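Computed from a predicted structure; not experimentally measured.
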Amino acid sequence: MTSPKTGDNGLIRLCVLAVVAGCVTGVLGGAFRWCLDHLTRWRLEMLDWSLGLGIPGWFVPVAVTATGAAFGAFVAKLVPVSAGSGIQHVEAVDRGETGPAPLRVIPARFFGGLVAIGSGLILGREGPTVHMGAVVGSETARRVHLDDHDARVMQTALSGAGLAVAFTAPLAGALFALEEVAKTFRMRLVIPTVFAVAVAVAVARVILGDRPDFIVEAVESPSITLLPVFVVFGLISGVIGIAYGRTVLGAIALVRRFTHIPRIAKAAIIGGFIGALMVIDSGAAGGGEGLAQSIFDGSVVLPIVVLLLVVRFFAGPLSYAAGTPGGLFAPMLALGALWGVLFAAGFEVFLPQADPTLRDALILTGMAALFGAVVRAPLTGMVVVMEMSATTAVVIPMLAATAAAVLVAQLSGTPPVYDSLRELMLADDAARKKASENDPGPKGSVPKGSGEQDPGEKAPGAKGPGEKDSGEKNADERDSDEKDSHDGDSTP
């Protein structure tokens, strides 16, 4: 039996490693965001310049986004696990369903995500930063020879640090690691996660500065009499969240049907389509952070809000289906902001004398509620919105609306989007492994957990979305099995 003192030493070692890895994640994530901000500004300047050239200039944004998407797909072909969000891979590693990602994922995520998102694809910056953080954590664990359990603790803790850096949201980053990835609040995971998140955000702020992502005017807490309005808003948000999650999976399935078209060509076609949308309105492309800020500023008129809501609802999942590095979080937040301002406008039609602060409250609540319905991580969704906006005045209606949205999504039987994506990734791995066994060659083996989202058939016998392997254990069962051997320092 391990003594308490030895156990303390093991936890201290984990925390020290989390601090070191957090510094690296802060540098990587901060540099990624800094470069992406500059690329985004360049894209908008390029768009203004090209539109001034007349009709021939319209092809410039189309070519730029098509090229960026093709480059992202090329990088994902070289390093298959870098395709898509990466969060599903982090979750699979935490569950012991696949091995940790290789170190080459970091440059693939950094440069592939930078070009794909910076060129205009509707993808989130958190996908690359979460996965880069997770790889930093697992690589740190490997170099100091931690056992499998503590290695998973490191990669999960640092994935939270990656999310925290992406949104300058340290509490949300910690909650993401605990609520979404590990789905448990074990103290051996909580403490290293908090250390990693705090250090990563502190380092990133040296690069990015110390300011919230959204500048929001002071929002007064809505009257308690309006709480039923927020509940109804949350219920409808839940339905929209269900539809959005299915649209993501449907877009992937649609793109996979075109098996005769190379994946890089498909990505270029999708990129060209997004570039054409960008010509119509710059808010139709990109992760959506600038669009959300414009909504808070009141500079987006209602007809454009409706147009962008519809366009981004379908174009976002299509961008994800291109298979380039990039996430889903940021586009979901922008979509929630659009939905919130649209609902506020409709409510004002029926009650013209409604509370004037209701608009911003519904925008913030829409971001959290839609996130909660799609991802099924309500605490993370609410906290990330509050930290990004530096606003807590709407916490009560936000709680009510987000709870209602998640309730609707849960009762529908639709699995959380990252559960579906994880099962799809594992099925792809199984299909490639079986193909390599049937057609052996000197380079035919595929590393476990490659996670490439390539067009192809699901492997026979592979788990479909929502199905659970009879041998799979939940977090509490794994905890119980591993408690005795990991209460103390289990490293060699």
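- Checked for salt-bridge contact, R256 and D428 meet the test: a charged N lies under 4.0 Å from a carboxylate O.
- When each of L249, L123, I270 is checked for a side chain to side chain contact (heavy atoms under 4.5 Å, CB included) with Y320, only L123 meets the rule.
- Within 6.0 Å of atom CD1 in I396, 12 or fewer heavy atoms from other residues, nucleotides or ligands are found, so the atom counts as exposed in its surroundings.
- In this structure, the side chain of S319 engages the main chain of I122 through a donor-acceptor pair within 3.5 Å.
- Here the closest heavy-atom approach between residue G238 and residue A373 is recorded as CA-CB, 3.9 Å.
- A284 and V311 make their closest contact through CB-CG1, 4.2 Å (heavy atoms, listed as atom of the first residue, atom of the second, distance).
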- Query: Between M367 and M332, is a side chain to side chain contact (heavy atoms under 4.5 Å, CB included) present by the stated rule, with each step listed?
  - Reply: CA-CA 7 Å; M367 298 167 81; M332 273 191 286; over 6 Å; no
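- The existence of a salt bridge linking R359 and D297 is excluded, since no basic side-chain nitrogen approaches an acidic carboxylate oxygen closer than 4.0 Å.
- Checked by atom type and distance alone, the side chain of S412 pairs as donor or acceptor with a backbone atom of A409 at under 3.5 Å.
- W42 has its ring centre no less than 6.0 Å from the ring centre of H38.
- With hydrogens and angles disregarded, a donor-acceptor distance shorter than 3.5 Å links the side chain of R95 to the backbone of V181.
- Checking side-chain atoms of T129 against main-chain N and O of G162 turns up a donor-acceptor pair under 3.5 Å.
- The backbone N or O of H131 sits nowhere less than 3.5 Å from a side-chain atom of R109 that would complete a donor-acceptor pair.
- When side chains are defined from C-beta on, I236 counts as touching F343, because their heavy atoms get closer than 4.5 Å.
- A side-chain donor-acceptor contact under 3.5 Å links E126 to the backbone of L328.
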- Output, in order, the C-alpha distance, side-chain angles, deciding distance and verdict of side chain to side chain contact (heavy atoms under 4.5 Å, CB included) for L370 and W339. CA-CA 9 Å; L370 186 64; W339 160 233; 5.5 Å; no
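- Side-chain contact between S282 and L47: present, with at least one pair of heavy atoms (C-beta onward) separated by less than 4.5 Å.
- Side-chain atoms of S299 come within 3.5 Å of backbone N or O of S294 as a donor-acceptor pair.
- Listed here is the closest heavy atom pair of G118 and R43: O-NH1, 3.2 Å.
- For the pair V395/M386, a side-chain contact is recorded, criterion being any heavy-atom separation below 4.5 Å from C-beta on.
- When all heavy atoms of A69 and S119 are compared, the pair lying nearest together is N-OG, 4.1 Å.
- Atom CG of residue L309 and atom CD1 of residue I240 lie 7.0 Å apart, to the nearest 0.5 angstrom.
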- Message: Please determine whether side chain to side chain contact (heavy atoms under 4.5 Å, CB included) holds for the pair V255 and L318, giving the CA-CA distance in whole Å, both sets of side-chain angles, and the decisive distance to 0.1 Å.
- Response: CA-CA 8 Å; V255 171; L318 186 62; 4.2 Å; yes
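- Counting only distance, with no hydrogens or angles, the side chain of T65 and the backbone of G272 share no donor-acceptor pair below 3.5 Å.
- Other residues, nucleotides and ligands place more than 12 heavy atoms under 6.0 Å from the CZ atom of F313.
- By the 4.5 Å heavy-atom criterion applied to side chains, T193 and L158 are not counted as neighbours.
- Of all heavy-atom pairs spanning L235 and V408, the tightest one is CD2-CG2, 3.5 Å.
- Salt bridge absent: D281 and R312 never bring a charged side-chain N and a carboxylate O closer than 4.0 Å.
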- Task: Determine, stepwise, if the pair T380 / E180 fulfils side chain to side chain donor-acceptor pair (under 3.5 Å).
- Result: CA-CA 8 Å; T380 302; E180 171 59 22; over 6 Å; no
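- Between L333 atom CG and I363 atom CD1 the span is 13.0 Å, to the nearest 0.5 Å.
- Distance check: T247 OG1 to F314 CZ gives 5.5 Å after rounding to the nearest 0.5 Å.
- Between the side chain of T402 and the backbone N or O of L399, no donor-acceptor pair lies under 3.5 Å.
- Rounding to the nearest 0.5 angstrom, the gap separating the CZ atom in R33 from the CZ atom in R125 is 4.0 Å.
- Using a 4.5 Å heavy-atom threshold, the side chains of L226 and P397 count as separate.
- Inter-residue side-chain proximity for P212 and M388 is flagged as unmet; no heavy-atom pair is nearer than 4.5 Å.
- Going from atom CG of D94 over to atom NE2 of H89 covers 12.0 Å, rounded to the nearest 0.5 Å.
- Taking both residues in full, the closest heavy atoms of A182 and T156 are given as CB-CG2, 4.2 Å, listed atom of the first, atom of the second, then distance.
- One finds the CD1 atom of I215 at 10.0 Å from the OG atom of S389 (value rounded to the nearest 0.5 Å).
- By the 4.5 Å heavy-atom criterion applied to side chains, I295 and F214 are not counted as neighbours.
- For the pairing with E91, the side chain to side chain contact (heavy atoms under 4.5 Å, CB included) check across M425, R422, E97 returns one residue only, R422.
- Between the side chain of E289 and the backbone N or O of A330 there is no donor-acceptor pair closer than 3.5 Å.
- Side-chain contact check for P415 versus E423: every heavy-atom pair is 4.5 Å or farther apart.
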- Let me see the working for F176 and F329 under side chain to side chain contact (heavy atoms under 4.5 Å, CB included), right down to the final yes or no. CA-CA 12 Å; F176 165 78; F329 276 23; 3.9 Å; yes
